[in-house]
Amino acid sequence: MPLHVMLQGESAAEMRALAEQNGGTLTHFLPIINAVGAHMSRAQLDAAVESGKVTRVIDDLALDDQPDQEPVANQQCKAAGSVEILRHRDGFTWPLFSKGDESSKLTGLELRWPAALGQISSIQLGKRKLPEELWQGSQENSARIEIKPAASPEFLGRMDLQVRFEHQLNEAPLQNAYTATVSFGENCKSKLIPGYPENSDDFYYATVTGADDLHRHGVTGRGITVAVLDSGLWDHPALVHDTDGKNRVLARYDAINDSDKDGVFDESGHGTHLTSVIAHSGPTRARGQVTGSFKGIAPDASIVAIKAFNNEGRGDLLDIVRGVQWVVDNRERYAIRVLNLSFAARPKWPYYLDPINQAIMRAWAAGITVIAAAGNEGPGDMTIGSPGNLPYIITVGATTDSWTTDTRADDYIPDFSSRGPTPEAHIKPDIVAPGGHITGVTRPGSTLTTQHPDYALPGGELVMTGSSQAAAVVSGLAALLLQLEPELTPDDIKCKLLNTAEPAINRDGLLAYSPFVQGSGLVSLTRAITLGSRGCGNVGLNIARDIALEEHFEGPAILDAEGKVSLPGLTEMLSPESPEKGASESRVWGVKAHIERLPETYIDPPGHPFPWQEMYTAERKRIEELARQR
C-alpha cells in the first residue's frame with residue numbers, strides 16, 4: 001500500500017519533480033511551504049530521500065484531535081433534555097432526546113416552578129400521562145418525582161415531557177423561572193439551563209461584545225472579507241446575503257478536492273455555525289420589534305468559505321495547508337483581511353516546524369489577521385492546541401456568561417478552555433471571548449444536528465459551546481475594526497485587542513486567573529476602538545527570520561521550584577483565591593470595574609504588582625480628551 005507523504009525542500013517545484021521522477025503520484029502542490037504531498041511506495045520514498053534534495057519527510061498526515069469540538073460534561077450519558085423548553089402560560093414542554101443506539105427511560109424529575117402557577121395538574125411523557133399520586137403531597141412549588149419503570153415509556157430519538165399547572169398566567173413564564181432536572185438512570189442526569197429570554201430573536205453576543213452599538217452606527221464589517229477555513233458552508237439566506245439582501249459569499253474553495261467549482265457542502269455543520277457567529281445578517285428583535293442591530297458580529301462582512309474538514313470534523317494536514325495557501329494566493333482578489341481557524345490539534349512539532357503553522361506565518365506576513373481557537377482540552381496546563389500555539393497569531397480562549405447578559409458578575413472561564421503555556425513557553429491564549437452557549441444556524445441533517453439534537457432551538461438554530469465559537473466572535477470583531485481603520489496591520493489588530501482587553505481582577509487587586517488562562521483578559525471592542533494602541537503587537541518576535549528558519553523565539557514561561565509552569569513574579573500577581581464558577585463577589589472584569597468598587601481614598605499599597613489606579617486615571621483622562629474632541 002503506498003504511503004501518503006509530505007516532502008519538503010528548497011522549492012515545491014523541485015519536490016514535485018523528485019516525487020514524479022521516482023514514480024510517485026502528486027496529491028498536493030504547496031509552494032507556500034516549499035513542499036508537496038504525494039503517494040509513494042517505501043522504495044520510491046527512499047530513492048527520493050537519497051537524492052539529498054529532501055530536507056524533511058512527514059508520513060503521518062492526520063491531525064490528532066480536531067476540530068475544536070463541543071465539550072461534553074458526561075460522555076457516558078446518552079440522553080439529555082433540550083437546551084430550550086416550549087413555554088406555555090400554564091406550564092412547559094421539554095423535549096428529551098435519547099442519542100445512543102439503545103433506548104432511554106426517564107426515571108426521575110426534580111422540579112421547582114413559580115408559585116403563581118399553583119400545583120401540578122398533569123405530567124405527560126410522550127402520549128402517556130403519569131399518575132397523579134407521584135406528585136401529590138409535594139411542597140407548594142417544588143416536587144421530587146420518582147418514575148416507576150411501568151409508568152415511563154422507553155424512547156429513541158425525541159420524547160416530550162409536558163408539565164401543566166393549575167393556573168394560567170397572563171404571560172408564559174421565562175425559562176429561568178423554572179428549575180428542573182431529569183434523570184435517565186442512576187448516573188445520567190440533565191439539568192434545564194436558564195436560557196435566554198428570546199434566543200431565536202437575539203443571539204446576545206453582539207450586545208455583550210459591544211458590536212450592536214457599532215451596527216446602529218453603520219459599522220457592520222462592510223468591505224472586509226473574512227475567510228473561514230473549516231467544514232464548508234450551508235447556503236442559509238442570512239449567511240449568503242448581507243443586510244441589504246445582496247450576495248456576499250465571494251468564493252468557495254474545497255481544499256480536500258482542490259476545487260473552486262464544486263461548492264463546499266457542509267456535512268459537519270461546524271463551518272456554517274462559525275460563519276453564522278461571524279456574519280449572520282438577520283436583525284435582532286426585542287418583543288417582536290427590530291432593535292437596529294444584527295445577530296452576527298459583522299453582518300455585512302464578505303465571506304470566503306474554505307472546506308478542509310469532512311463530515312466527522314476531521315482534516316488532513318496537507319488539505320489544511322492547501323486551504324491556507326489558497327487564501328494567501330487569493331487575498332488581493334477577494335480582499336481577504338481575516339482568517340478564522342477554529343480547530344485545535346495536539347502539537348506534534350515546535351511551532352516553527354509545524355507545516356500548518358509555517359503556512360499561517362506566511363498568511364500573517366501577507367497582511368491577513370489570523371485568529372485561532374485555543375482548544376477545549378482544559379483545565380490542565382499546556383493544553384493549547386495547534387495552530388493556537390503559534391506566537392504571532394491571535395489565540396482565543398472562552399468565557400461563559402452563565403446565561404445572563406445584563407451583568408458580568410457571573411462571567412467566568414470554564415474548565416474546558418485550553419490553558420498555556422505553549423511548549424515553547426509562550427503565553428497563550430492571547431485573550432478570551434464569549435464562547436459559552438453561542439447561538440447560530442447550521443445545516444439541518446448535519447453531523448452537529450444529528451449528534452446534538454438537544455442543542456437545537458425551536459426555531460432551528462443550534463447552540464454550541466467552545467473556543468471555536470470564541471474565535472469566531474473575535475474574527476467578527478476584527479472585521480469591524482478593519483472597517484473603521486482599513487490601514488491596520490495584523491500586528492496592529494493584535495496590539496489593539498490585547499492592550500485593551502479587560503483582565504479578571506479579584507478584590508485583593510490580584511489576577512483572578514493566570515495569564516495562561518485568560519491571556520490579556522476579556523476582549524473589549526469598545527475599548528479597542530477608543531483606547532487601542534498600535535506598535536505593541538508581536539514585539540520581540542521576527543516573523544521574517546522565523547519563516548526563513550534563521551531564528552526562533554521562546555516565551556517567558558518557566559518552571560518554578562515545584563516543577564510547575566509559571567512566570568517570573570506570577571506568585572505575587574496571582575490571587576491565592578481559587579476562581580469561582582458563576583457569580584463571584586470578588587472577581588470583576590477590567591480595571592475600571594475594579595477601581596470603582598474601591599473606596600475613594602484607596603491608594604495602591606507599596607510593592608503592589610499592578611498600578612491599577614494609575615492605569616485607571618490615565619484611561620479616564622484619555623476618554624475625557626476624546627470627548628472634548630467631538
Side-chain angles (χ1 to χ4, degrees), residues 374 378-384 395-402 407-422 425-434 470 497-524 527 531 536 555-620:
D381 293 334
M382 299 184 69
T383 51
I384 295 289
T395 305
V396 187
T399 62
T400 180
D401 65 4
S402 301
T407 177
R408 294 202 299 189
D410 54 6
D411 292 9
Y412 68 98
I413 299 174
D415 285 348
F416 70 77
S417 189
S418 289
R419 273 70 165 156
T422 71
H426 292 284
I427 296 174
K428 291 284 182 171
D430 295 295
I431 50 177
V432 291
L497 292 179
L498 268 60
N499 79 355
T500 59
E502 299 188 278
I505 306 170
N506 277 349
R507 190 175 294 276
D508 57 13
L510 301 180
L511 296 176
Y513 298 102
S514 161
F516 298 137
V517 180
Q518 67 173 326
S520 295
L522 180 62
V523 68
S524 171
R527 287 171 52 81
L531 298 170
C536 62
I558 58 172
L559 291 178
D560 64 17
E562 298 178 356
K564 297 179 180 179
V565 293
S566 186
L567 289 167
L570 181 61
T571 54
E572 289 77 32
M573 295 186 288
L574 185 62
S575 176
E577 300 177 27
S578 297
E580 297 167 284
K581 297 175 183 177
S584 171
E585 295 183 359
S586 178
R587 178 185 63 242
V588 294
W589 292 91
V591 176
K592 182 176 184 292
H594 172 57
I595 292 299
E596 292 183 353
R597 67 178 168 175
L598 299 175
E600 291 184 6
T601 56
Y602 173 83
I603 299 175
D604 288 327
H608 194 279
F610 298 106
W612 299 132
Q613 184 72 53
E614 180 182 328
M615 293 167 63
Y616 173 77
T617 301
E619 289 183 359
R620 186 174 63 181

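On a predicted model such as this, the values are computed, not experimentally measured, just so you know.
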Check step by step if side-chain contact (heavy atoms from CB on, under 4.5 Å) holds for Lys428 and Asp430. CA-CA 5 Å; Lys428 291 284 182 171; Asp430 295 295; 2.7 Å; yes

The single option from Met615, Glu614, Glu596 that satisfies side-chain contact (heavy atoms from CB on, under 4.5 Å) with Val591 is Met615

Please confirm whether the backbone N or O of [Y] pairs with a side-chain atom of [X], one donor and one acceptor, at under 3.5 Å?
X: Arg587; Y: Glu585; answer: no
X: Ser520; Y: Ile431; answer: no
X: Ser586; Y: Asn506; answer: no

Are [X] and [Y] close enough that some pair of their side-chain heavy atoms sits under 4.5 Å apart?
X: Ile413; Y: Pro579; value: no
X: Leu498; Y: Cys536; value: no
X: Arg527; Y: Glu502; value: yes

Looking at every non-hydrogen atom in both residues, tell me the closest pair between [X] and [Y] and how far apart they are.
X: Ala374; Y: Ser418; result: O-CB, 3.4 Å
X: Asp410; Y: Ala583; result: CB-N, 3.4 Å
X: Val517; Y: Pro429; result: O-CG, 3.5 Å
X: Gln518; Y: Trp589; result: OE1-CZ3, 3.8 Å
X: Tyr412; Y: Tyr513; result: CB-OH, 3.3 Å
X: Pro556; Y: Pro568; result: O-CD, 3.5 Å

Which donor-acceptor pairs under 3.5 Å do the side chains of residues 605-613 make with protein atoms, sequence neighbours left out?
unit_1	atom_1	unit_2	atom_2	d
His608	ND1	Phe610	N	3.1
His608	ND1	Phe610	O	2.9
Trp612	NE1	Gly509	O	2.7

Taking atom CD of Glu580 as the centre, report whether more than 12 heavy atoms of other residues, nucleotides or ligands fall under 6.0 Å from it. yes

Measuring from atom [atom1] of [X] to atom [atom2] of [Y], what distance do you get when rounded to the nearest 0.5 angstrom?
X: Arg419; Y: Thr383; atom1: CZ; atom2: OG1; result: 7.0 Å
X: Ile427; Y: Ile384; atom1: CD1; atom2: CD1; result: 11.5 Å
X: Thr617; Y: Ile595; atom1: OG1; atom2: CD1; result: 7.5 Å

Under the side-chain contact (heavy atoms from CB on, under 4.5 Å) test, residues paired with Thr571 that sit two or more places apart: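 If we apply the side-chain contact (heavy atoms from CB on, under 4.5 Å) test to Thr571, skipping adjacent residues, there are no hits.
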
Ignoring hydrogens and angles, state whether a donor on the side chain of Asp411 or Thr399 is under 3.5 Å from an acceptor on the partner side chain.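 Side-chain D/A pair, Asp411 to Thr399: absent.
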
side-chain contact (heavy atoms from CB on, under 4.5 Å) for Glu619 and Thr500? Distances and angles first, verdict last. CA-CA 10 Å; Glu619 289 183 359; Thr500 59; over 6 Å; no

List the steps, then state whether side chain to side chain donor-acceptor pair (under 3.5 Å) holds for Ser566 with Asp560. CA-CA 6 Å; Ser566 186; Asp560 64 17; 4.8 Å; no

Before you tell me yes or no, could you show the steps for Leu570 and Ser514 under side-chain contact (heavy atoms from CB on, under 4.5 Å), namely the whole-Å CA-CA distance, both residues' side-chain angles and the distance that decides it to 0.1 Å? CA-CA 8 Å; Leu570 181 61; Ser514 161; 4.2 Å; yes

Listing request: all salt bridge (charged side-chain N to carboxylate O under 4.0 Å, His left out) pairs with a residue in residues 561-578, at least two apart in sequence or in separate chains. Glu562-Lys564

Audit row: Lys581, Asp415, side-chain contact (heavy atoms from CB on, under 4.5 Å) steps and yes/no: CA-CA 9 Å; Lys581 297 175 183 177; Asp415 285 348; 2.6 Å; yes

